[in-house]
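Below: one structure, written as structure tokens.
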Amino acid sequence: MNNCAIGVFDSGLGGLTCVKELNRILPNENIVYFGDTARVPYGTRSRETILEYAEQDINFIKKHSAKLIIAACGTVSSVLGADKKAAGNVPFTGVLLPAAQRACSLTKNGRIGVIGTPATINSGAYGKAIRRIRPDISVTGNACPLFVPLVEYGFTDRNDPITKLAAEKYLAPIKSAGVDVLILGCTHYPIIKETIADYMGENVTLISPSSEAAKYALSLLTENNMLSERSGKGENIYYTSDSIELFEESAHAFLGDTIGGEVHKVGIDELISAAQDPA
Ligand code: DGL
């Protein structure tokens, strides 16, 4: 048994889709979330910068004695690849492997699509992870750079014409490849999953890496006897590197609920010193 919090971080708000799922399937757990809203997006930055930010984010979360750290960010997960030791001696997972495993188990025709930020798609990490599990599978990927700003600015209605147009443009090559499973390889994308599903059609199963990472957390904590002993509901506590008010205003759309926890501001200097003086 372990009553410490599960640590979750993302470049911004997308990782809250993972918090939503964790709250649903692990309601007794405390969660500490960090969203690097001052530096979002990560997905258009260089590999070096993403690695530097990821190190700072992980060390910041480690200072909160997390028992498990989840990089609820497709970009960080892809750039780190299968690096299970990214958080040192604290159990760590990204969203990539749980999603790749699920996709491999669901595809019937052996064709999987992956969409994500430019950094995620350029890393080729989803393809590598999938082929390590099932070398016979063909993977078609496409970067969707406009999806994150569309979600952040609230263009999330199923019938929003701008989002529909962007979806058509980005998803056309994936649809032509005849995939039967599509990984939404960025934690922002579940917010526009209806628009994506409408374009892809009912024969394509969409996979949310946030949900898969939450399920992975449940099995890891169960297998290692690390679930909390709490009988009541756990607490969420949030940290943001930009305005608390903006975080609170936008979080609802990702959580599908009220924020239900305190939000604190963390300065970039604090993140940098967390990496220089790791826990
Ligand atoms: N939530 C991030 C991801 O999953 C996307 C936003 C970004 O580009 O930082 O990749």
Side-chain angles (χ1 to χ4, degrees), residues 7-22 33-58 61 69-81 86 92-100 102-103 113-127 129 141-156 163 166 170 182-193 196 206-214 216 238-242 246-247 250-251 253-255 268 271:
V8 183
F9 73 92
D10 179 38
S11 54
L13 298 164
L16 293 174
T17 55
C18 185
V19 173
K20 176 182 178 186
E21 201 53 25
L22 287 168
Y33 181 85
F34 171 59
D36 196 1
T37 46
R39 301 190 294 193
V40 69
Y42 284 9
T44 46
R45 296 178 193 272
S46 69
R47 181 184 156 74
E48 291 67 34
T49 302
I50 295 165
L51 285 173
E52 186 188 323
Y53 289 177
E55 189 189 1
Q56 294 168 3
D57 301 345
I58 289 169
I61 292 281
I69 298 180
I70 304 176
C73 174
T75 304
V76 167
S77 308
S78 300
V79 170
L80 287 175
F92 172 83
T93 183
V95 289
L96 181 138
L97 276 181
R102 180 84 175 136
V114 182
I115 52 174
T117 64
T120 294
I121 298 304
N122 291 340
S123 74
Y126 270 102
N142 206 14
C144 309
L146 289 178
F147 277 180
V148 168
L150 285 168
V151 168
E152 296 259 331
Y153 286 106
F155 291 77
T156 50
T163 307
Y170 291 140
L182 173 61
I183 299 177
L184 309 181
C186 166
T187 49
H188 279 68
Y189 298 177
I191 304 297
I192 51 167
K193 68 174 184 303
I196 295 170
L206 305 186
I207 300 207
S208 157
S210 291
S211 305
E212 298 311 319
Y216 174 82
Y238 306 89
Y239 292 87
T240 173
S241 52
D242 199 4
L246 288 177
F247 186 94
S250 309
F254 292 83
L255 288 165
I268 300 296
L271 294 171

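Remember, it's 1-based here, ligands and their atoms both numbered in the order they're listed. Note that these values count all heavy atoms, side chains included, but never hydrogens, waters or copies made by symmetry.
Polar contact check, H188 against ligand 1: a nitrogen or oxygen pair lies under 3.5 Å apart. At least one N/O-N/O distance between G74 and ligand 1 falls below 3.5 Å. Between D10 and ligand 1, at least one N/O pair is under 3.5 Å apart.
Aromatic pair Y189/F147: centroids less than 6.0 angstrom apart. Between Y238 and F247, the distance separating the two ring centers is shorter than 6.0 angstrom.
Remark: R45 fails to qualify as a cation-pi partner of Y53 under the 6.0 Å distance and 45° angle criteria applied to the six-membered ring.
The shortest distance between side-chain heavy atoms of T187 and F254 does not fall below 4.5 Å. Side-chain contact between I50 and V76 is present, with at least one heavy-atom pair separated by less than 4.5 Å.
Going from atom CG of D36 over to atom OH of Y239 covers 15.0 Å, rounded to the nearest 0.5 Å. For the atom pair CD1 (I115) and OG1 (T120), the distance works out to 11.0 Å, reported to the nearest 0.5 Å.
The parts of T187 lying near ligand 1 are both backbone and side chain, judged by heavy-atom distances below 4.0 Å. If you look at T75 next to ligand 1, the close heavy atoms, those under 4.0 Å, come from the backbone and the side chain alike. Contact annotation: for C186 versus ligand 1, heavy atoms closer than 4.0 Å belong to both the backbone and the side chain.
Using a 4.0 Å heavy-atom cutoff, C73 is listed among the residues neighbouring ligand 1.
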Quiz item: Does the side-chain contact (heavy atoms from CB on, under 4.5 Å) test come out yes or no for E21 and S210, once each step is laid out?
Solution: CA-CA 7 Å; E21 201 53 25; S210 291; 5.6 Å; no

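At the top of the distance list for atom 6 (C) of ligand 1, counting protein heavy atoms only, stands S11 OG, 3.4 Å.
Counting atoms of ligand 1 from 1 in the listed order, those under 4.0 Å from a heavy atom of Y42 are 7 (C), 8 (O), 9 (O). Atoms of ligand 1 lying under 4.0 Å from at least one heavy atom of T117, given by number and element, are 5 (C), 8 (O), 10 (O). Listed by number with element, the atoms of ligand 1 under 4.0 angstrom from any heavy atom of G43 are 7 (C), 8 (O), 9 (O).
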